[in-house]
Q: 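Would you mind keeping the following structure in view while I ask a few things?
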2 protein chains.
Amino acid sequence: MNIAQHLSTHDIKPSYQRIKIYEYLYEKMNHPTVDVIYKNLVGEIPTLSKSTVYNTLKLFIDKGITSTLTIEDNEVRYDAAVESHGHFKCTSCGAIFDIKYDFKDVAMNKLKGFEIKETQVHVKGKCNQCLTNKN
Amino acid sequence: MNIAQHLSTHDIKPSYQRIKIYEYLYEKMNHPTVDVIYKNLVGEIPTLSKSTVYNTLKLFIDKGITSTLTIEDNEVRYDAAVESHGHFKCTSCGAIFDIKYDFKDVAMNKLKGFEIKETQVHVKGKCNQCLTNKN
DNA sequence: TTCTAAATTTGTAATCATTACAAAAATAAA
DNA sequence: TTTATTTTTGTAATGATTACAAATTTAGAA
Ligand SMILES: [Mn+2]
Ligand SMILES: [Mn+2]
Ligand SMILES: [Zn+2]
Ligand SMILES: [Zn+2]
């Protein structure tokens with residue numbers, strides 16, 4: 001995918017920093033925090049400011065090409081995937097996995113007559129690999 | 001329910017502050033933030049410190065009689081209900097409703113072999129009443 | 001009851017993530 | 001090339017939470 005194109009399509013001027021930040025999100029798909037993004041890019045962009053990371057992510061969210069998840073009370077994570085999907089976080093190794101879910105029979109009875117804009121499903125536990133390795 | 005008794009049963013010495021804080025959580029069931037709890041109790045307990053609210057909630061969580069939800073990126077809310085249930089927040093009036101959900105067919109296929117410790121379901125939108133009143 | 005030790009509460013300072021904001025740099029338009 | 005606009009940057013301000021030590025309260029021993 002052409003990232004500059006993608007940004008332009010969504011009304012975002014494709015500056016160098018914006019391209020690099022989106023590229024990181026999109027290629028890693030690792031649900032990073034602001035700090036993780038910053039630390040991973042500052043090597044390649046020595047002048048990068050954390051403000052720019054914050055500004056850029058806010059813009060991406062505003063234009064609908066990035067979503068957030070707060071699976072842990074104290075850290076906001078970012079995701080280039082914007083379709084509705086859930087997340088599993090392994091409390092042992094910290095890895096975050098995307099999970100699909102059907103919202104059809106979930107809670108729908110109670111929400112009759114409500115207008116649903118957004119749903120988040122967060123699951124915590126231990127992943128397959130950590131269980132095998134007894135971490 | 002006898003709150004002092006309930007705290008004792010869970011290995012928590014029922015001090016005046018602890019009883020009042022739990023009483024607030026349990027009777028209101030309004031998913032308050034620390035600040036909301038503090039502001040609502042400081043009238044009755046003029047010497048109350050926000051530190052005590054933080055300490056007490058941490059203890060409650062540790063002992064398993066309180067849970068947290070972070071439906072909004074920047075505010076942690078507390079809940080005397082500890083059984084697994086989801087939450088709906090109305091973006092118009094701010095009210096938070098408990099919702100039941102079945103986790104059986106949600107995401108289970110993907111999580112085969114994983115050990116699930118905790119799940120959170122957050123839904124945002126407009127509540128029935130706000131839709132009727134066109135808020 | 002009085003004394004002493006332990007637990008709890010309190011107030012303040014430190015920390016950390018995020019936001020605000022204005023100056024500097026880069027880009028686009030004239 | 002000027003000038004205006006946009007973007008980036010650095011720093012200060014804010015706000016929630018945590019750390020920590022002093023003050024207060026509670027409980028137990030004498
Ligand atoms: Mn994801
Ligand atoms: Mn609840
Ligand atoms: Zn793991
Ligand atoms: Zn409402």
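In what follows, chains are A, B, ... by sequence order, proteins preceding strands, each numbered from 1.
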Q: Can you sort out which residues in residues 34-46 of chain B have a heavy atom within less than 4.0 Å of DNA chain C? Ascending by number, please.
A: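 Within residues 34-46 of chain B, no residue comes under 4.0 Å of DNA chain C.
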Q: Under 4.0 Å between a side-chain N or O of S15(A) and OP1 or OP2 of dT8(D)?
A: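 Yes, S15(A) has a side-chain N/O under 4.0 Å of OP1/OP2 on dT8(D).
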Q: I need the minimum non-hydrogen distance between C93(B) and C127(B), along with the two atoms involved.
A: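 Closest pair (atom of C93(B), atom of C127(B), distance): SG-SG, 4.0 Å.
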Q: Taking only residues at least two apart or on different chains, which pairs with a member in residues 57-70 of chain A satisfy salt bridge (Lys or Arg N to Asp or Glu O under 4.0 Å)?
A: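 Residue pairs with at least one partner in residues 57-70 of chain A: D11(A)-K63(A).
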Q: Nearest-Å distance, CZ (R18(B)) to C1' (dT9(C))?
A: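 Those two atoms, CZ and C1', are 9 Å apart.
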Q: Fill in the dot-bracket string of DNA chain C, one character per base: . for unpaired, | for a pair to another strand, ( ) or [ ] for pairs within the strand, taking Watson-Crick or G-U pairs under 3.5 Å.
A: ||||||||||||||||||||||||||||||
Q: Could you check how far CG of L59(B) sits from C1' of dT18(D), rounded to whole Å?
A: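 Rounding to the nearest Å, CG of L59(B) and C1' of dT18(D) are 16 Å apart.
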Q: Write down the distance between CG (L7(A)) and C1' (dT6(D)), rounded to a whole number of angstrom.
A: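 After rounding, the gap between these two atoms is 15 Å.
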Q: Which of residues 23-33 of chain A have a heavy atom under 4.0 Å from DNA chain D?
A: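 Result for residues 23-33 of chain A: none.
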Q: Kindly write out the residues that satisfy ring-ring contact (aromatic ring centres under 6.0 Å, His included) with H85(B), not counting sequence neighbours, or none if the list is empty.
A: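 With sequence neighbours excluded, H85(B) shows a ring-ring contact (aromatic ring centres under 6.0 Å, His included) to H87(B), given in chain and number order.
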Q: I want to check one thing: is the phosphate of dT8(D), taken as OP1 and OP2, less than 4.0 Å away from some side-chain N or O of S49(A)?
A: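 For S49(A), the contact criterion (side-chain N or O under 4.0 Å from OP1 or OP2 of dT8(D)) is not met.
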Q: Report the residue (T52(A) or N74(B)) whose heavy-atom-nearest nucleotide on DNA chain D is the more 5′ of the two.
A: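 Closest to the 5' end, via its nearest nucleotide, is T52(A).
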Q: Within this structure, what is the CD-to-C1' distance between E75(B) and dA17(C), rounded to whole angstrom?
A: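 Going from CD in E75(B) over to C1' in dA17(C) covers 16 Å.
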Q: In whole Å, I'd like the distance from the CD1 atom of I19(A) to the P atom of dT8(D).
A: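 Rounding to the nearest Å, CD1 of I19(A) and P of dT8(D) are 10 Å apart.
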Q: Check side-chain hydrogen bond (donor to acceptor under 3.5 Å, both in side chains) between E75(A) and all other residues, then give those that pass, not counting sequence neighbours.
A: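 With neighbours one apart ignored, the set is R77(A), K89(A).
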Q: For Y24(A), which residues count as a side-chain hydrogen bond (donor to acceptor under 3.5 Å, both in side chains) partner, sequence neighbours excluded?
A: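 Only N30(A), N40(A) meet the side-chain hydrogen bond (donor to acceptor under 3.5 Å, both in side chains) criterion with Y24(A).
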Q: Measure across V82(B) and I65(B) and return the closest heavy-atom pair with its distance rounded to 0.1 Å.
A: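 Where V82(B) meets I65(B) most closely, the heavy atoms are CG1-C, 3.5 Å.
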Q: Any pair with a residue in residues 52-74 of chain A that passes ring-ring contact (aromatic ring centres under 6.0 Å, His included), sequence neighbours left out, goes on the list, sorted by first then second residue, please.
A: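 Pairs touching residues 52-74 of chain A that pass the test: Y22(A)-F60(A).
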Q: Just checking, is any N or O donor in the side chain of Y78(B) or T33(B) under 3.5 Å from an acceptor N or O on the other one?
A: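 The answer is no; no qualifying pair exists.
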Q: Rounded to whole angstroms, how far apart are CG on D73(A) and P on dT18(C)?
A: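 The answer, rounded to whole Å, is 13 Å.
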Q: Are any protein N/O atoms closer than 3.5 Å to N/O atoms in nucleotides 19-23 of chain C? If there are, list each pair with its distance.
A:
| from | atom 1 | to | atom 2 | distance (Å) |
| --- | --- | --- | --- | --- |
| dA20(C) | N6 | S51(A) | OG | 3.4 |

Q: Could you list the protein-to-nucleotides 26-30 of chain C atom pairs, N/O on both sides, closer than 3.5 Å?
A:
none

Q: Expressed in angstrom and rounded to an integer, what is the separation of L57(B) atom CG from dA16(D) atom P?
A: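 Going from CG in L57(B) over to P in dA16(D) covers 15 Å.
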Q: Before you tell me yes or no, could you show the steps for T52(A) and Y38(A) under side chain to side chain donor-acceptor pair (under 3.5 Å), namely the whole-Å CA-CA distance, both residues' side-chain angles and the distance that decides it to 0.1 Å?
A: CA-CA 9 Å; T52(A) 301; Y38(A) 175 77; over 6 Å; no
Q: Using the side-chain hydrogen bond (donor to acceptor under 3.5 Å, both in side chains) criterion, which residues pair with K20(B)? Sequence neighbours excluded.
A: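 Scan of K20(B) (side-chain hydrogen bond (donor to acceptor under 3.5 Å, both in side chains), adjacent residues dropped) gives E23(B), E44(B).
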Q: In whole angstroms, how far is the P atom of dA23(D) from the CD atom of Q17(B)?
A: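 Atom CD in Q17(B) sits about 18 Å away from atom P in dA23(D).
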Q: State which residues pass ring-ring contact (aromatic ring centres under 6.0 Å, His included) with F88(B); sequence neighbours excluded, sorted by chain then number.
A: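 Listed in chain order: F114(A).
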